[in-house]
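Quick note: residue numbers are just sequence positions, from 1. What you see is a predicted model; the values in this text were computed from it and never measured. Computed over heavy atoms, backbone and side chain alike; hydrogens, waters and symmetry mates excluded.
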Amino acid sequence: MSSRRRELHQATVDGILGPSGALSAVLEGYEHRPAQLDMARAVALALETKTPLLAEAGTGTGKTLAYLVPAALSGQRVVVSTATRTLQDQVFTKDIPLLRDVVGLPFTAALLKGRSNYLCAQRFEAFDQSPSFATPEDAARWEDFRRWAHSTETGDRVETSVPETWSGWPLVTTTSDACLGGKCPLYESCFVTRGRRAAADVDVIVVNHALFFSDLALRARGGEEPLGILPPYDAVVFDEAHALEDVATEYFGVSVSSGRLTGLAQDLLGVLPVTDGRASHLAALSVTLRSRSDALFRELSLHLSQGPLFDEGGGRRGGADTTLSEALLDALRPSAAAVLETLAALAALVADDDPDVGALHRRAVDSAAALEHVLQADDAGQVYWAEAKGRGLALRAAPIDVGESLARFLYEETKTVVFTSATLTSPTGRAHKSFDFVARRFGLSPQATATVSVDSPFDYETQAALYVPRHLPEPNAEGFTLEFSREVLRLIRLTGGRAFVLCTSLRHLDEVYTLVSPHVAVPVLKQGEAPRGALLERFKQQPSVLFASHSFWEGVDVPGDALSLVVMDKVPFSPPGEPLQAARIEAVREAGGNPFDEYQVPRAALTLRQGFGRLIRTRSDRGIVALGDARVLTKRYGRALLDSLPPARRFTRLADVRAWWAPASP
């Protein structure tokens with residue numbers, strides 16, 4: 001037995017996380033968490049017996065160490081996948097060093113992100129010859145960035161001080177589409193190459209869900225990624241697993257957008273010197289591809305102009321989707337055939353193994369394959385739709401049931417898969433919660449999957465109040481937005497701001513913001529005005545009110561007094577008319593189930609619990625969660641939704657909330 005194996009064999013989960021364990025000896029003020037130890041034991045057993053595990057751990061449990069400790073002790077190569085890069089960085093820069101360097105656990109770890117997070121040495125060298133920026137402010141950051149670029153060991157953007165909106169970053173990084181791979185003259189010194197090689201020899205690899213499913217989707221399609229992404233692994237831990245189905249849907253599906261084709265057309269220009277005979281051909285193909293792509297999506301717009309993608313005034317509704325009917329696909333096929341012809345010509349002109357233009361070949365082939373897949377629309381297990389996002393349009397396809405893909409492409413190769421989150425159980429209609437909903441969504445057999453649920457250490461009955469104003473009209477009733485906005489203003493004045501106002505749609509967000517913001521005495525922030533990280537920093541600096549939609553319902557951590565009020569407008573039911581949701585609802589119905597009880601309510605409950613979870617982040621936090629949807633007090637499903645939430649004090653009158661809040665007031 002090697003020395004490392006001997007050390008791991010002698011260490012135990014209890015010996016690290018127990019009341020007198022190694023962690024207690026090195027952390028000042030350490031407080032033993034029995035729930036954390038219970039979860040860690042369950043993860044250790046799953047790794048030992050090679051079985052899947054669903055682990056729900058309430059906020060404040062310390063779930064990161066609860067899975068990292070058994071992973072480090074297992075002697076297996078374990079991939080840890082998080083929903084956000086922020087948590088990914090926290091795991092790698094805070095939690096792993098604690099266990100490895102402070103506690104002394106003998107294991108190695110590596111951090112991997114997508115290419116666009118790393119400096120591309122080749123593009124940096126080319127840009128450095130003649131740097132050009134969108135604004136003088138962006139140009140002023142170049143010298144500091146340049147010094148970092150020459151000294152960094154990782155090339156990870158997180159090390160820099162440049163803002164998310166800095167115009168220089170896209171010019172010095174690359175994507176999988178544009179990367180030259182092994183044909184790049186700087187391939188050996190590439191930060192991505194070095195990072196992936198280092199990951200091949202470590203025990204714990206920290207990635208995010210997007211990178212993990214990018215790798216899995218490549219293997220699912222039967223293609224071989226010449227650059228590789230992840231080395232072979234024995235087990236996977238998905239942190240923030242409640243977000244998994246949406247990410248898997250994205251990567252197991254395909255999309256061809258107006259932006260994707262326009263970007264490819266643009267990149268054909270200037271990629272070769274004018275002395276290269278192919279340069280003029282690429283320029284001609286650029287013009288043709290742009291023209292034919294515009295024609296395709298103009299045709300799509302014309303056929304949808306009276307449909308759900310457009311409002312009464314003919315303006316496009318951001319984020320609206322519509323299913324692609326056979327009649328619409330027939331109408332699109334002639335213009336799509338012209339696009340496919342151009343992509344085929346491009347692929348024939350530039351070789352895959354050409355160091356200068358090989359990436360263009362791969363992009364043309366991939367775009368053509370995606371477009372052909374959508375046009376065929378012959379897989380009953382997928383849904384096909386058109387999507388409007390911003391000012392662009394896209395043709396998309398995705399699996400109705402990602403669980404089937406996970407079962408086929410992940411579980412067959414990897415027996416130990418741990419899913420953990422603060423929200424994995426959902427109401428069953430029998431006054432208790434169950435893992436069955438997420439187990440089925442993830443393609444697991446509820447009977448053959450281990451589960452563990454540990455409660456939060458927070459005292460929600462003392463720390464939190466849940467307020468559902470009984471007097472408000474139902475969300476679909478005339479006057480709801482006005483009455484809800486008045487209630488929001490009253491609550492903001494009660495807490496002095498320090499509030500998130502979370503809406504279930506961008507349109508309702510705009511309406512509530514317009515009504516409330518002029519009357520608020522503290523700074524008012526709105527989703528979209530700045531990157532999410534910048535908005536959160538501003539929010540924490542002084543008492544403020546942040547109006548936001550889906551991107552702030554989860555994955556946002558504001559501990560302390562900065563956040564004392566979370567207001568949610570409605571129960572977050574997914575729009576049943578969206579093509580993907582409609583297909584999943586129909587699949588439940590065809591299987592003989594009740595889609596509302598078995599899909600829509602459990603899914604809404606998970607999102608509602610995530611929104612509630614923004615409030616109480618530490619033992620000293622105190623605050624109010626308000627839900628403006630009185631249906632939870634009157635409808636059959638309301639009790640199940642309320643019972644799925646933490647056991648906060650519950651009120652239906654603002655006067656009672658004022659009395660409860662009074663002890664916390666200055």
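- Looking at residues two or more places apart in sequence or on another chain, you find no ring-ring contact (aromatic ring centres under 6.0 Å, His included) involving Phe191.
- Side-chain contact between Leu54 and Leu444 is present, with heavy atoms from C-beta onward closer than 4.5 Å.
- Applying the ring-ring contact (aromatic ring centres under 6.0 Å, His included) test to Phe297 and every residue at least two apart in sequence or in another chain returns nothing.
- Of all heavy-atom pairs between Trp169 and Arg157, the closest is CD1-NH1, 3.1 Å.
- Using a distance-only test at 3.5 Å, with no hydrogens or angles considered, no donor-acceptor pair links the side chain of Ser291 to the main chain of Val287.
- Residue Met568 comes nearest to Gly611 through the heavy atom pair SD-CA, 3.9 Å, listed as atom of the first residue, atom of the second, then distance.
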As a quick check of understanding, evaluate side-chain contact (heavy atoms from CB on, under 4.5 Å) for Val247 and Phe212, giving each step before the final call. CA-CA 10 Å; Val247 180; Phe212 183 88; over 6 Å; no
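- Ring geometry for Phe437 against Tyr599 counts as tilted: the plane angle lies between 30° and 60°, on a 0 to 90° scale.
- Considering CG of Leu608 and OG1 of Thr504, their distance stands at 11.0 Å, rounded to 0.5 Å.
- A 6.0 Å sphere centred on CD of Glu413 holds no more than 12 heavy atoms belonging to other residues, nucleotides or ligands.
- Using modelled atom types, one side-chain atom of Ser325 and one backbone atom of Leu328 make a donor-acceptor pair closer than 3.5 Å.
- In this model, no donor atom of one side chain and acceptor atom of the other lie less than 3.5 Å apart for Ser255 and Arg260.
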Evaluate side-chain contact (heavy atoms from CB on, under 4.5 Å) for Asn594 paired with Val588, printing each intermediate quantity in order. CA-CA 7 Å; Asn594 181 318; Val588 175; over 6 Å; no
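- Of the charged side-chain nitrogens involved, none lies within less than 4.0 Å of a carboxylate oxygen, so that Arg85 and Asp156 do not count as a salt-bridged pair.
- Between Trp166 and Thr160, the closest side-chain pair of non-hydrogen atoms is not below 4.5 Å.
- If you take CG on Leu285 and CZ on Arg278, they are separated by 12.5 Å, rounding to the nearest 0.5 Å.
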side-chain contact (heavy atoms from CB on, under 4.5 Å) between Val438 and Leu606, worked out: CA-CA 10 Å; Val438 293; Leu606 293 176; 3.9 Å; yes
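- Applying the side-chain hydrogen bond (donor to acceptor under 3.5 Å, both in side chains) test to residues at least two apart or on different chains, the pairs with a partner in residues 392-411 are Glu250-Arg396, Glu387-Arg396.
- Using modelled atom types, one finds a donor on one side chain and an acceptor on the other under 3.5 Å when comparing Thr249 with Arg584.
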Would Leu346 and Leu264 satisfy side-chain contact (heavy atoms from CB on, under 4.5 Å), going step by step from the backbone distance to the final call? CA-CA 10 Å; Leu346 172 58; Leu264 176 57; 4.1 Å; yes
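- A donor-acceptor contact shorter than 3.5 Å is absent between the side chain of Ser81 and the backbone of Phe238.
- Interatomic distance, OH of Tyr118 versus OG1 of Thr154, reported as 7.5 Å (0.5 Å rounding).
- Across every non-hydrogen atom of Ser214 and Ile229, the tightest pair is OG-CD1, 3.9 Å.
- Of the possible polar contacts, one joining the Thr173 side chain to the Arg115 backbone as a donor-acceptor pair under 3.5 Å is found.
- Atom-to-atom distance recorded for Gln376:CD and Leu329:CG is 11.0 Å, nearest 0.5 angstrom.
- Inter-residue side-chain proximity for Leu535 and Phe552 is flagged as met; some heavy-atom pair is nearer than 4.5 Å.
- Judged purely by atom type and a 3.5 angstrom limit, Tyr384 uses its side chain to pair as donor or acceptor with the backbone of Asp379.
- Looking at His361, its side chain never comes within 3.5 Å of a backbone N or O of Leu349 through a donor-acceptor pair.
- In terms of modelled atom types and a separation under 3.5 Å, the side chain of Gln382 and the main chain of Ala397 share no donor-acceptor contact.
- Within the 4.5 Å cutoff, side-chain heavy atoms of Leu289 are placed close to those of Leu343.
- Every side chain to side chain donor-acceptor pair (under 3.5 Å) that Gln610 has, sequence neighbours left out, goes to His242, Thr423, Arg614.
- The two residues Ser167 and Asp138 make their nearest non-hydrogen contact at OG-OD2, 2.6 Å.
- Using modelled atom types, one side-chain atom of Gln88 and one backbone atom of Val206 make a donor-acceptor pair closer than 3.5 Å.
- Contact check for Arg603 versus Arg441: no side-chain heavy atoms found under the 4.5 Å cut-off.
- Val350 places a side-chain heavy atom less than 4.5 Å from the side chain of Leu282.
- The nearest pair of heavy atoms linking Gln122 to Pro185 is NE2-CD, 3.9 Å.
- Note: Leu525 CG to Tyr513 OH = 8.5 Å, rounded to the nearest 0.5 Å.
- Across every non-hydrogen atom of Pro399 and Leu580, the tightest pair is O-CD1, 3.9 Å.
- Taking 4.0 Å as the cut-off between side-chain N and carboxylate O, Glu341 and Arg292 count as a salt-bridged pair.
- For Thr193 (side chain) and Glu188 (main-chain N/O), no donor-acceptor pair under 3.5 Å exists by modelled atom type.
- By the salt bridge (Lys or Arg N to Asp or Glu O under 4.0 Å) test, Lys526 pairs with Asp510, sequence neighbours left out.
- The distance from atom OG of Ser335 to atom CG of Asp294, rounded to the nearest 0.5 Å, is 11.5 Å.
- Trp142 meets the ring-ring contact (aromatic ring centres under 6.0 Å, His included) test with Phe124, Phe127, Phe133, Phe145; sequence neighbours excluded.
- Residues Asp569 and Pro475 form no side-chain contact, since every pair of their non-hydrogen atoms from C-beta on lies 4.5 Å or further apart.
- Using a 4.0 Å cut-off between a side-chain N of Lys or Arg and a carboxylate O of Asp or Glu, Arg333 and Asp330 qualify as a salt bridge.
- Residues Glu125 and Asp128 are not in side-chain contact: their nearest non-hydrogen atoms beyond the backbone lie 4.5 Å or more apart.
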